[in-house]
Amino acid sequence: MHPEPSAHQPSLFARLARRISLVLGIGAALLVSAAWYYADTAADKAYDRLLVGAALQMAESLAVEDGKLSVRLPASAFELLGLADRDRIFYRVIDTNGRTLTGYDDLQDPSPPEGNSDAMRVEEGTYKGEDVRITRATRVLADPAVTGRAYVIVAQTNEARSALTRELTLRATILVIVMSLLAFAGAMLAIRYALQPVEHLGTAVRRRDPHDLTPVSVNVPRELDPFVGSINHFMGRLGERVDLLQRFIADAAHQIRTPLTALTAQIDLLGSGKMSKADRQHFDRVKERTGELSRLTNQLLSHAMVIHRADSVQLEPISLVDVARRAWRAAVPITVDPDIVVSFEAPEDRPFVLGDAVSLREAIVNVIDNALRHGARHRLEVRVSAGETQALVEVEDDGPGIPPEGWEKAMQRFSTSKSHEGSSGLGFAIAQEVAKAHGGSLSFRPRNERGFVVVLTLPLYC
């Protein structure tokens, strides 16, 4: 069973992008808040100056005529306040006795002057249910008929100030957003550039030949040195395990095949003597089981060798005709039934494939051996052919073949059928694994009037 793949974590680029976007978002929010504060302050200062200027002009218009205090409000004061065309203006002129000369009687200064303070200030207030800014201007009169302090109170609504604040804040917000986006884009480019060594390291490891277990040598920043060191340490340990497995396969093949060969020879010697009918039956059964054990052992070792070579041997261009011919000669024994006609056909222009000659020979040997033992009755043909992009090795026999519903099962390891009694069930499994390791496939063709065909398909080497 394969271990469950670990859940994919977000990439380093995505993590950095999220954190930078969070920082930029917080920074943008703070900048927009600061922009609103400064815009509000600037709008107040601008319109407060107009308000104070208008109040001073009104105060300067106070005069004593015929022993009485009179006021002629200048048009310039209202023109000055008229620059804030959205706002309403309220005013009140108070004489030295505290009486209203003109204006709104109920307009009050929110902070009446204390003592003789003539300092001008602008404050927040409320008048007729509206938020206003209020200022007070003082005029000191020293006429013999009228002496004392007269006051002018002027109030203005805040609509123009709010509109100016919104406009300035909006412009600042657009500028902050644009700058944040540019900063984010620049940061992403910088991160992408900074992470290129990681991509280069991944590409270098991914493009390495599967059989190359030498240390990785890639120029990387210091931060990636532990990672590269871990990869090289793992590859060193893997190389040691591969060498150990290779030695085990070689030793096992030698240690197991040698006593089996000797046992087979001893059984053959025993069979040359006289035996009773019952002993002969037992002897034939022992001989049959010994042959099955020998074939199973050879196929198990062959299967182990194929798996090992698929991961450790570098593929190279080879002639498929030469490999198939060697397999044909190795698989067809000298003692083959003389009633079986065995033939080998190949094109003159030998097709080449990128592969491992030993593994391919084992695959073809297993297919031919399976046909001889369980299929061929009078005819066995091995053909090599090539198309535009693929090369084929076809093994055809005149036996009953495998029905289509049993093809999938035939590819499985240790899978046998009634027509294949005595088989280890590894022949087609070995051939299929070799085909897949070479980018090809193993398939069957339904039996026709000629026979049943097993096809090994491999991509041509160009």
message: Does R88 form a side-chain hydrogen bond (donor to acceptor under 3.5 Å, both in side chains) with T157? I'd like the steps, not just the answer.
response: CA-CA 6 Å; R88 297 174 60 191; T157 56; over 6 Å; no

Any ion pair linking [Y] and [X] (charged N to carboxylate O, less than 4.0 Å)?
X: E396; Y: R445; answer: no
X: R325; Y: E345; answer: no
X: R161; Y: D87; answer: no
X: E199; Y: R192; answer: yes
X: E381; Y: R383; answer: yes

field: Results of salt bridge (Lys or Arg N to Asp or Glu O under 4.0 Å) for R18 - residues two or more places apart only
entry: none

- prompt: Listed by chain and number, what are the salt bridge (Lys or Arg N to Asp or Glu O under 4.0 Å) partners of E124, not counting sequence neighbours?
  reply: R133

task: Tell me, with the steps shown, if I364 and R326 meet side-chain contact (heavy atoms from CB on, under 4.5 Å).
output: CA-CA 9 Å; I364 299 172; R326 286 196 295 269; over 6 Å; no

query: Would you say Q196 has more than 12 foreign heavy atoms packed within less than 6.0 Å of its CD?
result: yes

message: For E362, is there any backbone N or O sitting under 3.5 Å from a side-chain donor or acceptor partner on N366?
response: yes

field: F344 backbone acceptor or donor facing W328 side chain under 3.5 Å
entry: no

Sub-4.5 Å side-chain heavy-atom contact between T96 and R149: no

query: Passes salt bridge (Lys or Arg N to Asp or Glu O under 4.0 Å), E123 versus R121? Steps please.
result: CA-CA 7 Å; E123 300 177 349; R121 59 187 180 275; 2.9 Å; yes

statement: Checking L320, L456, D322, L392 against V384 for side chain to side chain contact (heavy atoms under 4.5 Å, CB included), the one that qualifies is L320

message: For Y127 and Y104, take the angle between the two ring planes, folded into 0 to 90°, and tell me which bin it lands in: parallel under 30, tilted 30 to 60, perpendicular over 60.
response: perpendicular

Any chance you could measure [X], atom [atom1], to [Y], atom [atom2], to the nearest 0.5 Å?
X: H438; Y: L315; atom1: NE2; atom2: CG; value: 5.0 Å
X: I94; Y: T138; atom1: CD1; atom2: OG1; value: 10.0 Å
X: I134; Y: I153; atom1: CD1; atom2: CD1; value: 7.5 Å

